[in-house]
Amino acid sequence: MKLRFAFGIIFLIILADQASKIWIKTSFPFGHVMDVMGLPWFKLYFIENEGMAWGWKFGGEWGKMILTLFRLVAVIFGTWYLIKIIKQNYSRGFIICACLIYAGALGNLIDSMFYGMIFEDSSYVHVAKMFPEKGYAGFLHGRVVDMLYFPIVQATFPNWMPFVGGKPFEFFSPIFNIADASISVGVITLLIFQKRFFRKNDGSDIHPTVQTNSEVSDQAHIM
C-alpha cells in the first residue's frame, strides 16, 4: 500500500465531512431537523458541540482549548505513525483502520481550530454565513458541527420499571458527523479483526523484510 492511497482515503473522508458541515452550517438555522428521503429513522439535525465525539463535553473554555490542543498533538503523532506503518508494510486492513481514525480526528480538529473564525454564530432564527468580518469565536475555540441522527426506535419504558418507568426511550439518540463515524468504524473494525491484524509470531511464520521484501523466517535467523 502506497502513501498516496492511504492519504487518498483520508482526503475523501475529510472532503465529505467538511462539505457536509459547511452545507449544514450555511443552509439551516441551529436546531433544524428534517427527514432524509422521507425516512423517519434517518434525519439531519443541526447542532454544534464544544466537546468530544458524539457530543461529549470536557469542562468550559479551558477544557475546550485543552481538548483542541490534544487533538492537534494526536493528529501530528498520527501523521508520523501512519507514514511509519505504511513504510513498514503493515497489513492493509490495519492501515485502512488507522486512516479512518486519523481522518476523523483531523476532521473534527478543523472545526475546533478554525470554525470560530470563519463562520458567524448560528441561532434558531439565523443562518450563519461563511467568512464574515468577525467570527463567533477565536482560534482553537470553534464548535464541532453535528447533523446525522438515527432515531431508529422511539418508545416509552413500562411504568413498572424502577427509575425509568414512564420515561421516553430512544435508540439511537446520539447526533454525530462523518468524522465521528469514521473514528468509530476504524476503532470497532480494529477490535473485531485484531487477531487478523496482529497475528502473533509462533516461530514458524514467514515475514517480508522491509528493505528487500525477501522472505526471511525465524529459523533462518537461528541458523
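Quick note: residue numbers are just sequence positions, from 1. Below, each value reflects all heavy atoms present in this structure, side chains not excepted, and no hydrogens, waters or symmetry copies.
The shortest non-hydrogen separation linking Ile178 to Ala16 is CD1-O, 3.6 Å. The shortest non-hydrogen separation linking Phe197 to Cys97 is CE1-SG, 3.9 Å. Leu72 and Met113 make their closest contact through CD1-SD, 4.3 Å (heavy atoms, listed as atom of the first residue, atom of the second, distance). Here the closest heavy-atom approach between residue Lys43 and residue Pro40 is recorded as CE-O, 3.2 Å. The two residues Glu48 and Phe30 come nearest to each other via the heavy atoms N-CE1, 3.3 Å. Nearest heavy-atom pair, Tyr136 versus Tyr115, reported as atom, atom and distance to 0.1 Å: CE2-O, 3.4 Å.
In this structure, Asp146 and Ile24 have side chains that are not in contact, with every pair of non-hydrogen atoms separated by 4.5 Å or more. Here the side chains of Val145 and Ile22 are not in contact, with every heavy-atom distance at 4.5 Å or above. Taking the side chain as every heavy atom from C-beta outward, Leu69 and Val73 never approach each other to under 4.5 Å. Proximity of Met147 to Ile47: side-chain heavy atoms (C-beta onward) are nowhere separated by under 4.5 Å. In this structure, Thr26 and Phe119 have side chains that are in contact, with non-hydrogen atoms separated by less than 4.5 Å. Between Leu190 and Ile101 there is a side-chain heavy-atom pair separated by less than 4.5 Å.
To the nearest 0.5 Å, atom NZ of residue Lys25 and atom CD of residue Gln18 are 12.5 Å apart. Put simply, CD on Gln154 and OG on Ser173 are 10.0 Å apart, with the number rounded to the nearest 0.5 Å. Distance CG/Leu3 to CD1/Ile83: 6.0 Å, rounded to 0.5 Å. In this structure, the separation between CD on Glu120 and CZ on Phe131 is 12.5 Å, given to the nearest 0.5 Å. For the atom pair Lys84 NZ and Phe77 CZ, the distance stands at 7.5 Å (nearest 0.5 Å). Distance CG/Leu106 to CD1/Ile14: 4.0 Å, rounded to 0.5 Å.
No single ILVMFWY cluster, assembled from side-chain heavy atoms under 4.5 Å apart, contains both Leu109 and Phe11. Side-chain heavy atoms closer than 4.5 Å link hydrophobic residues (I, L, V, M, F, W, Y) into clusters, and following such links, even through other members, never connects Leu15 to Ile10. No continuous path of hydrophobic side-chain contacts links Ile76 to Phe70 [ILVMFWY only; heavy atoms under 4.5 Å]. Ile183 and Phe193 end up in the same hydrophobic cluster when Ile, Leu, Val, Met, Phe, Trp and Tyr side chains are linked at under 4.5 Å. A continuous path of Ile, Leu, Val, Met, Phe, Trp and Tyr side chains, each step under 4.5 Å between heavy atoms, connects Phe94 with Val187, placing both in one hydrophobic cluster.
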Query raised in the report: Given the rule in the side chain to side chain contact (heavy atoms under 4.5 Å, CB included) test, do Val33 and Leu44 qualify, once you have shown the distances and angles that lead to the verdict?
Result: CA-CA 6 Å; Val33 185; Leu44 293 180; over 6 Å; no
Query - Stepwise side chain to side chain contact (heavy atoms under 4.5 Å, CB included) test for Ile9 and Ile95 - result: CA-CA 10 Å; Ile9 295 174; Ile95 293 174; over 6 Å; no
Report task. Under the side chain to side chain contact (heavy atoms under 4.5 Å, CB included) rule, what do Tyr90 and Ile86 come out as? Steps first, then yes or no, please. Result -> CA-CA 6 Å; Tyr90 276 57; Ile86 292 169; over 6 Å; no
Requested in this report: Start with the C-alpha gap between Asn108 and Asp17, add the side-chain angles, then the distance that decides, and say whether side chain to side chain donor-acceptor pair (under 3.5 Å) holds.
Outcome: CA-CA 9 Å; Asn108 284 334; Asp17 178 65; over 6 Å; no
**Report entry** From CA spacing to verdict: side chain to side chain donor-acceptor pair (under 3.5 Å), Tyr102, Thr79
**Finding:** CA-CA 8 Å; Tyr102 177 89; Thr79 304; 2.6 Å; yes
Requested in this report: Report the C-alpha separation of Ser112 and Val144 in whole Å, then their side-chain angles, then the decisive distance to 0.1 Å, and conclude whether the side chain to side chain contact (heavy atoms under 4.5 Å, CB included) test is met.
Outcome: CA-CA 6 Å; Ser112 298; Val144 176; 3.8 Å; yes
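The distance between the ring centers of Phe28 and Phe46 does not fall below 6.0 angstrom.
Crowding of Phe139 atom CZ: a count of heavy atoms from other residues, nucleotides or ligands under 6.0 Å exceeding 12.
A salt bridge does not link Asp121 to Lys129: none of the charged nitrogens lies less than 4.0 Å from a carboxylate oxygen. In summary, Lys21 and Asp111 engage in a salt bridge, as defined by a charged side-chain N under 4.0 Å from a carboxylate O.
Tested against Phe150 for a ring pair (Phe, Tyr, Trp, His ring centres under 6.0 Å), the candidates Phe171, Phe42, Phe172, Tyr45 yield a single pass: Phe42.
The side-chain tip of Arg92 points at the ring of Phe5 from less than 6.0 angstrom away and within 45° of straight on.
Although no hydrogens or angles enter the test, the distance criterion places no donor-acceptor pair under 3.5 Å between the side chain of Ser182 and the main chain of Ala103.
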